[in-house]
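Heads up, the thing below is written out as structure tokens.
Here, residue 1 is the first one in the sequence, and each next residue gets the next number. Just the heavy atoms: all of them, side chains too, but no hydrogens, waters or symmetry mates, feed the values below.
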Amino acid sequence: MRRLTIDELLAVLGGALLAGAQFAPWYDAVSPLASISGYGGLGAHSSWQVHAILRWLLLLVAIAPLVLAYVVARDHELSWA
């Protein structure tokens, strides 16, 4: 863990926040006739519920800093410079 700089720790924190934000309400339907990606009626909907493909892309983006911090912390040899 000592090999990680403040930049890598902030990136890990940002990835964790992005992953958690997927389940927070992003869209609010205020009309009973509203439909957001098949979810009809009143209520708040999260990004995870609404976006079918973007949910996985955002999850991959959120996991990437964790993987890179792991590589740095373990001092793995990479095949590229």
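In the hydrophobic clustering (ILVMFWY side chains linked at under 4.5 Å, chained through shared members), Val30 stands by itself. Membership of the apolar cluster around Val12 extends to Leu66, as traced through chained side-chain contacts below 4.5 Å between ILVMFWY residues.
When every heavy atom of His45 is checked against every heavy atom of Ile36, the shortest pair comes out as CD2-CD1, 3.8 Å. When every heavy atom of Glu8 is checked against every heavy atom of Arg3, the shortest pair comes out as OE1-O, 4.0 Å. Here the closest non-hydrogen pair linking Leu18 and Leu58 is CD2-O, 3.7 Å. In plain terms, the two heavy atoms of Ala21 and Trp26 that are nearest each other are O-NE1, 2.9 Å. Between Leu4 and Ala73, the shortest heavy-atom distance links the atoms CD2-N, 4.1 Å. Here the closest heavy-atom approach between residue Ala62 and residue Gly15 is recorded as CB-O, 3.3 Å.
Here Gln49 pairs with nothing under the side chain to side chain donor-acceptor pair (under 3.5 Å) rule; sequence neighbours left out. In this structure Val71 satisfies the side chain to side chain contact (heavy atoms under 4.5 Å, CB included) test together with His76, Leu78, sequence neighbours excluded. Every side chain to side chain donor-acceptor pair (under 3.5 Å) that His51 has, sequence neighbours left out, goes to Tyr27.
Distance check, rounded to the nearest 0.5 Å: OG1 of Thr5 to CG of Leu9 gives 7.0 Å.
Identified under the side chain to side chain donor-acceptor pair (under 3.5 Å) test for residues 52-74, with sequence neighbours left out: none.
Heavy atoms from other residues, nucleotides or ligands lying under 6.0 Å from CD1 of Ile53 number 12 at most.
The closest donor-acceptor contact from the side chain of Ser46 to the backbone of Phe23 lies at 3.5 Å or more, if one exists at all.
The shortest distance between side-chain heavy atoms of Leu59 and Ile63 falls below 4.5 Å.
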